Amino acid sequence: LLGVWLGHNDEMVSIPLFNLSIWEQVLPLFLTITILGIIEDIIRLAIRFYTVSFMFINIIISSISVILSIYLFKGFDLWNKNFVVSISNITGKIFTSEFDLLTYWPEAGPSGISIEGIILTIIILAYIIEIGTTIYRTLKYVATKSE
């Protein structure tokens, strides 16, 4: 179970990170994104070189993964809304500082930033960097191959 385990009254209490009531709807999206990444890596290993066809495969798979990630984060009530409240109730700590990451859970904090937005931005940037790296290596490999 993904979440936080805290000791409370001589027992361990689990506070789930995700909204478990929609887990059956969300799990296929997680698995699809993971399987797309595995398929891309298998193709990369099979081809062994950065070719133009692999570059297009990378762009297509990464684009599908970004779209599914955006749908996953924006289309579902993914996060446990009571996560911070539950932690506060057990630990007695209140998260109000702009430097407490839990201040941004799951709704936007004082500065308008949400944990969902932070994670989604990191995912999108990672895919953009991966696509850019693949394009660069493909163009470099094609240029050195033609010399």
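Everything quoted here is computed from the prediction, not taken from an experiment. Only this structure's heavy atoms are used, side chains among them; waters, hydrogens and symmetry mates stay out.
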Can you find a pair of side-chain heavy atoms, one from [X] and one from [Y], that are under 4.5 Å apart?
{"X": "T121", "Y": "L125", "result": "yes"}
{"X": "I119", "Y": "W79", "result": "yes"}
{"X": "V85", "Y": "K81", "result": "no"}
{"X": "L139", "Y": "Y50", "result": "no"}
{"X": "T91", "Y": "L6", "result": "yes"}

* Asked: Would one find more than 12 heavy atoms of other residues, nucleotides or ligands at under 6.0 Å from atom CZ of F30?
  -> yes

[X] to [Y] - nearest heavy-atom pair and separation:
{"X": "I123", "Y": "S69", "value": "CG2-OG, 3.9 Å"}
{"X": "Y127", "Y": "S65", "value": "OH-CB, 3.2 Å"}
{"X": "I15", "Y": "I90", "value": "CD1-CD1, 3.9 Å"}

* To do: Test side chain to side chain contact (heavy atoms under 4.5 Å, CB included) on L68 and L72 and set out the steps.
  => CA-CA 6 Å; L68 290 177; L72 178 68; over 6 Å; no

With hydrophobic residues grouped by side-chain heavy-atom distances under 4.5 Å, do [X] and [Y] end up in a single group?
{"X": "I39", "Y": "L31", "answer": "yes"}
{"X": "Y71", "Y": "I22", "answer": "yes"}
{"X": "F56", "Y": "V142", "answer": "yes"}
{"X": "F54", "Y": "L45", "answer": "no"}
{"X": "I33", "Y": "L27", "answer": "yes"}

* **Side-chain ion pair, R44 and E130, N-O less than 4.0 Å** => yes

Gap between atom [atom2] of [Y] and atom [atom1] of [X] - 0.5 Å precision:
{"X": "D77", "Y": "E116", "atom1": "CG", "atom2": "CD", "result": "9.0 Å"}
{"X": "I42", "Y": "I47", "atom1": "CD1", "atom2": "CD1", "result": "12.0 Å"}
{"X": "N82", "Y": "S88", "atom1": "CG", "atom2": "OG", "result": "11.0 Å"}
{"X": "S14", "Y": "L2", "atom1": "OG", "atom2": "CG", "result": "9.5 Å"}
{"X": "Y136", "Y": "I129", "atom1": "OH", "atom2": "CD1", "result": "15.5 Å"}

* Any sub-3.5 Å donor-acceptor pair from T144's side-chain atoms to Y141's backbone N or O? -> yes

* **N19 backbone acceptor or donor facing N80 side chain under 3.5 Å** => no

* Asked: Do any pairs count as a salt bridge (Lys or Arg N to Asp or Glu O under 4.0 Å) and have a residue in residues 83-92, sequence neighbours left out, and if so which ones?
  -> none

* **Verdict with supporting geometry, V4 and L17, side chain to side chain contact (heavy atoms under 4.5 Å, CB included)** => CA-CA 7 Å; V4 174; L17 189 62; over 6 Å; no

* Start with the C-alpha distance between F73 and L78, add both sets of side-chain angles, then the distance that settles side chain to side chain contact (heavy atoms under 4.5 Å, CB included), and finish with yes or no. => CA-CA 7 Å; F73 282 92; L78 184 64; 3.9 Å; yes

* Structure fact -> Only one of I60, N58, I64 passes side-chain contact (heavy atoms from CB on, under 4.5 Å) with S62, and that residue is N58

* Looking at the rings of F76 and W23, which for Trp means the six-membered one, are their centres under 6.0 Å apart? -> no

* Between M55 and I131, does a side chain to side chain contact (heavy atoms under 4.5 Å, CB included) hold up when you go through it step by step? -> CA-CA 8 Å; M55 179 181 72; I131 290 171; over 6 Å; no

